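Reading through the structure tokens given below for one structure.
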Amino acid sequence: MTVRTRFAPSPTGYLHIGGVRTALFNWLFARGHGGQFLLRIDDTDAERNIAEALQPILDGFRWLGLDWDEGPEVDGPHAPYYQSQRGDRYRAAVDQLLARGAAYRDYATTEEIQAEREAAQREKRRFQYSRRWMAESPAQEAAFKAEGRRASVRLKMPREGVCAFHDLVRGDVEFEWALEQDHVVQRADGTCLYHLASAVDDHDFAITHVIRAIEHLSNTPRQMFIATALGYALPAFAHLPYVAEPGSAEKLSKRKLSKYLKHHEFKKIHDHGADIAAALGLGVTPETFNPVVVDFYREVGFEPDALVNYLLLLGWSLDDRTETFTREQMVEHFSLERVNRSAASFDPQKLLAFQERRMQALSLDARVARTCPFLERAGLIDTPPTDAQRSRLGLVVDAAADRIKVAGDILSYPEFFQADDRVAYDEKALDKRVRKDGVEPLLRRCRDRLAAAEPFEADSLEAALHHFVEVEGIKIGQIIHAVRVAVTGKAVGFGLFQGLAILGRDACLARIDRTLERLKPEA
RNA sequence: GUCCCCAUCGUCCAGAGGCCUAGGACGUAGCCCUUUCAAGGCUAAAACACGGGUUCGAAUCCCGUUGGGGACGCCA
């Protein structure tokens with residue numbers, strides 16, 4: 001039998017990092033067994049879903065390279081893959097359940113159920129519906145209808161015995177049937193609910209392995225009940241531990257962002273990304289642009305493989321030291337047996353470390369290809385770039401080396417792509433390195449020295465500056481910082497001599513002149 | 001409140017009775033390199049939650065305690 005797994009996102013507008021890990025494990029398991037991975041859209045709760053809310057999710061999967069064999073946009077033999085379009089199929093299943101006595105029409109109001117639930121709470125016992133408004137005969141139905149009641153359909157769950165199954169991650173699991181509720185599977189308006197839809201779809205789509213987050217573990221008995229009542233063969237189940245918050249054991253949730261932003265490392269990564277977004281002119285808010293959301297990583301220029309590799313190791317490992325995996329190696333080695341049973345907290349800093357490693361392993365050409373779109377989008381070079389811009393980009397990327405940790409970091413070096421009169425100056429750096437006694441005449445003499453330097457290349461510039469320092473009888477630190485600030489506007493950056501050479505003599509002299517001009521007391 | 005689960009360095013993992021003086025990675029600290037910022041090199045600190053068993057022997061098995069977490073919808 002061909003292995004078939006699925007991931008079932010709800011269209012919420014963004015792809016959550018915890019969801020991606022679940023999807024990844026499904027994808028790896030399917031690919032590793034030569035099977036298929038499908039995407040099914042859980043949009044039965046029509047009110048809270050909007051069509052365009054799906055797009056970012058599909059884009060996220062594509063970016064991560066998690067391709068699906070059947071599902072939205074690719075379709076397949078079991079289409080449609082949207083639960084909102086499968087209502088008739090679900091209603092037919094409900095009728096079958098009713099006919100087989102596995103479900104009943106219930107005429108209770110929400111308030112009545114709520115009252116029973118609260119009573120149980122007060123008496124400190126687990127709630128179990130009294131079935132007072134259960135209608136099993138036409139006479140009962142007529143009576144309830146006469147009272148103006150409307151029927152929903154509830155599962156008639158067993159009230160004794162246990163539901164036992166083997167979970168591929170958890171091992172043997174048992175639930176007492178008596179602890180299960182008579183869950184509603186169909187509303188009075190005829191629409192069907194998740195558990196029913198899920199069980200039916202898993203069967204219709206021939207899903208062999210249901211791999212999902214642990215919060216679904218307690219849903220499993222009722223879904224098994226539905227599937228069994230409908231005569232379906234059961235899939236195998238595997239429940240993954242949840243991904244926890246940074247620095248905490250609580251489940252990671254998109255709703256607790258403000259809490260995460262108080263976490264130092266999380267905030268650092270967020271702010272780094274926000275700076276890149278600002279340089280790109282993206283109007284982002286923390287709610288949609290933060291390290292819990294996959295889009296964040298794409299926007300700031302992470303390598304999808306870095307994210308995937310990090311997520312792979314969140315709850316799974318091959319051995320005590322292998323950390324870097326190619327996609328092929330992941331597919332080859334992944335196994336549910338080695339998935340952990342305890343929650344793992346999300347550590348954005350470690351994710352960044354994976355990203356740095358990937359970036360370092362990339363060729364210069366690859367890094368140029370990654371960074372180029374960022375400069376284009378920021379309007380710092382043309383689209384497409386001119387040959388001159390492209391070759392300059394190559395020089396800058398080469399010089400910046402590992403300083404470019406994510407592709408968007410190229411935006412830390414706008415001064416290499418801006419006209420001389422557009423360079424922004426860091427006032428603090430000017431104060432510290434240039435607006436000091438004796439620096440101005442020194443900078444002036446150094447400027448003349450640079451004007452005469454031949455050739456205008458890193459090595460010869462370095463030699464020239466060392467000679468200058470010797471003649472002046474100063475330490476190199478006394479002039480090099482001033483030149484850096486004068487030419488780049490900043491106190492930090494990569495090797496100064498490379499920077500000067502990349503900019504060329506004219507730009508360097510012009511910028512030094514502009515800086516000297518700036519030093520003149522305002523007349 | 002009811003039910004269930006989890007428990008090794010700050011964090012992610014290794015460890016399935018002797019290989020453990022507990023290993024790797026991220027992070028942290030120190031040193032080296034260095035024009036700044038990174039990167040890199042070297043070194044270090046850092047954990048089996050606690051208490052009982054079982055066993056010749058327990059991080060590994062059992063029980064309890066403690067701590068943490070999850071599920072309890074006409075959401076998915």
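None of the values given here were measured: they were computed from a predicted structure. Order of the sequence lines fixes the chain letters, A, B, ..., with proteins taken first and strands second; residue numbering starts at 1 for each chain.
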(message) Does A/Lys251 reach a base, just sugar-phosphate, or nothing at all? Heavy atoms under 4.0 Å.
(response) sugar-phosphate

(request) Measure the distance from CG on A/Leu252 to P on B/rG70 and round it to the nearest whole Å. (result) 11 Å

(request) Could you say whether A/Ala353 or A/Ala401 is positioned toward the 5' end of RNA chain B, judged by the nucleotide with the nearest heavy atom to each? (result) A/Ala353

(message) Would you measure the distance from the P atom in B/rU11 across to the matching atom in B/rA46 and give it in whole Å?
(response) 16 Å

(request) Report which part of the nucleic acid A/Arg40 touches: base, sugar-phosphate, or nothing (heavy-atom distance under 4.0 Å, all strands). (result) nothing

(request) Report the residue (A/Gly477 or A/Pro9) whose heavy-atom-nearest nucleotide on RNA chain B is the more 5′ of the two. (result) A/Gly477

(message) Need the pair for B/rU54. Rule: Watson-Crick or G-U wobble, both distances under 3.5 Å, any strand; none if unpaired.
(response) none

(request) May I ask you to say what A/Gln121 touches in the nucleic acid, namely base, sugar-phosphate or nothing, with a heavy-atom cut-off under 4.0 Å? (result) base

(request) Measure distances between side-chain N and O atoms of A/Arg484 and base N and O atoms of B/rU35, and say whether any donor-acceptor pair falls under 3.5 Å. (result) yes

(request) Would you mind reading off the distance between A/Arg321 atom CZ and B/rA22 atom C1', rounded to a whole angstrom? (result) 13 Å

(request) In whole angstrom, give me the gap between the P atoms of B/rC63 and B/rG68. (result) 22 Å

(request) Using a strict 4.0 Å threshold on nitrogen-to-oxygen distance, state whether A/Glu323 and A/Lys350 make a salt bridge. (result) yes

(message) Using the ring-ring contact (aromatic ring centres under 6.0 Å, His included) criterion, which residues pair with A/Phe205? Sequence neighbours excluded.
(response) A/Tyr81

(message) Can you measure A/Phe7 atom CZ to B/rA76 atom P for me and round it to whole angstrom units?
(response) 15 Å

(request) Would you kindly give the CG-to-C1' distance between A/Leu461 and B/rU35, to the nearest whole Å? (result) 14 Å

(message) Strictly by Watson-Crick or wobble contacts shorter than 3.5 Å, is anything paired with B/rA25, and which nucleotide is it?
(response) B/rU11

(message) Suppose you measure atom C1' in B/rA25 against the same atom in B/rA14; what distance do you get, rounded to whole Å?
(response) 11 Å

(message) Against the six-membered ring of A/Tyr260, is A/Lys254 placed for a cation-pi contact (under 6.0 Å from the centre, within 45° of the normal)?
(response) no

(message) If I pick the C1' atom on B/rG70 and the same atom on B/rC13, what distance separates them, to the nearest angstrom?
(response) 22 Å

(request) Anything under 30° is parallel, anything over 60° is perpendicular, the rest tilted; go ahead and classify A/Tyr310 against A/Phe346. (result) perpendicular

(request) Starting at OH of A/Tyr242, measure out to CD of A/Glu215 and round the result to the nearest 0.5 Å. (result) 9.5 Å

(message) Assess whether a salt bridge exists between A/Asp42 and A/Arg40, defined as any Lys/Arg side-chain N lying under 4.0 Å from an Asp/Glu carboxylate O.
(response) yes

(message) Salt bridge or not between A/Arg449 and A/Glu472? Use side-chain N to carboxylate O under 4.0 Å.
(response) no

(request) Return the value, rounded to whole Å, for the distance between atom NE2 of A/His195 and atom P of B/rA71. (result) 12 Å

Atom pairs, protein N/O to nucleotides 39-42 of chain B N/O, distance under 3.5 Å:
{"from": "B/rA39", "atom 1": "O4'", "to": "A/Asp402", "atom 2": "OD2", "distance (Å)": "3.1"}
{"from": "B/rA39", "atom 1": "O3'", "to": "A/Gln360", "atom 2": "NE2", "distance (Å)": "3.3"}
{"from": "B/rA39", "atom 1": "O2'", "to": "A/Asp402", "atom 2": "OD2", "distance (Å)": "2.5"}

(request) Round to a whole Å and report the spacing from CD of A/Gln128 to C1' of B/rC3. (result) 13 Å

(message) Expressed as a whole number of angstroms, how long is the span from A/Gln355:CD to B/rC26:P?
(response) 15 Å

(request) Taking the six-membered ring of A/Phe494 (Phe, Tyr or Trp), confirm whether the NZ or CZ of A/Arg403 is under 6.0 Å from its centre and within 45° of its axis. (result) no

(request) Answer with base, sugar-phosphate or nothing: what part of the nucleic acid does A/Phe354 contact at a heavy-atom distance below 4.0 Å? (result) nothing

Please list each protein N or O that sits under 3.5 Å from an N or O in nucleotides 10-13 of chain B, with the distance.
{"from": "B/rU11", "atom 1": "O3'", "to": "A/Ser345", "atom 2": "OG", "distance (Å)": "3.0"}
{"from": "B/rC12", "atom 1": "OP1", "to": "A/Ser345", "atom 2": "N", "distance (Å)": "3.0"}
{"from": "B/rC12", "atom 1": "OP1", "to": "A/Ser345", "atom 2": "OG", "distance (Å)": "3.3"}
{"from": "B/rC12", "atom 1": "O2'", "to": "A/Leu313", "atom 2": "O", "distance (Å)": "3.0"}
{"from": "B/rC12", "atom 1": "O2", "to": "A/Lys350", "atom 2": "NZ", "distance (Å)": "3.3"}
{"from": "B/rC13", "atom 1": "OP1", "to": "A/Gly315", "atom 2": "N", "distance (Å)": "2.6"}
{"from": "B/rC13", "atom 1": "O3'", "to": "A/Ser317", "atom 2": "OG", "distance (Å)": "3.0"}
{"from": "B/rC13", "atom 1": "O2'", "to": "A/Ser317", "atom 2": "OG", "distance (Å)": "3.0"}

(message) Could you identify the nucleotide paired to B/rC31, looking across every strand shown and requiring Watson-Crick or G-U wobble geometry with both distances under 3.5 Å?
(response) B/rG41

(request) Decide, yes or no, whether a salt bridge links A/Glu250 with A/Lys256 under the criterion of side-chain N to carboxylate O below 4.0 Å. (result) yes

(request) Tell me what A/Arg117 touches on the nucleic acid: a base, only sugar-phosphate, or nothing, going by heavy atoms under 4.0 Å. (result) sugar-phosphate

(request) Side chain of A/Ile480 only, please: which of B/rG69, B/rC75, B/rU35 is the nearest? (result) B/rU35

(request) Find out whether the Lys NZ or Arg CZ of A/Arg21 is both under 6.0 angstrom from the six-membered ring centre of A/Phe25 and within 45° of the ring's axis. (result) yes

(message) Categorize A/Ala108 for me: base, sugar-phosphate, or nothing, with a 4.0 angstrom heavy-atom threshold over every strand shown.
(response) base

(request) Take atom P in B/rC61 and the same atom in B/rC42, then report the distance between them in whole Å. (result) 36 Å

(request) For A/Arg170, report the nucleic acid contact type (base, sugar-phosphate, nothing); a contact means any heavy atom under 4.0 Å. (result) sugar-phosphate

(request) Using the C1' atoms only, state how far B/rC9 lies from B/rC48, rounded to an integer number of Å. (result) 10 Å

(message) Going by purine N1 to pyrimidine N3 plus the second Watson-Crick contact, or the G-U wobble pair, all under 3.5 Å, which nucleotide sits opposite B/rA49?
(response) B/rU65

(message) What's the gap between B/rU66 and B/rG24 when it is taken at their P atoms, as a whole Å value?
(response) 36 Å

(message) When you measure from the centre of the six-membered ring of A/Phe354, is the NZ or CZ of A/Arg357 closer than 6.0 Å and no more than 45° off the axis?
(response) yes

(message) Could you identify the nucleotide paired to B/rG1, looking across every strand shown and requiring Watson-Crick or G-U wobble geometry with both distances under 3.5 Å?
(response) B/rC72

(request) Go through B/rU36, B/rC72, B/rG68 for me and flag the one nearest to the A/Arg126 side chain. (result) B/rC72

(request) Determine the Euclidean distance between corresponding P atoms of B/rG64 and B/rA39; express it in Å to zero decimal places. (result) 49 Å

(request) May I ask you to say what A/Phe127 touches in the nucleic acid, namely base, sugar-phosphate or nothing, with a heavy-atom cut-off under 4.0 Å? (result) nothing

(message) Please report whether the ring centroid of A/Phe325 lies less than 6.0 Å from that of A/Phe334.
(response) no

(request) May I have the distance from A/Arg341 (atom CZ) to B/rC6 (atom C1'), rounded to whole angstrom? (result) 10 Å

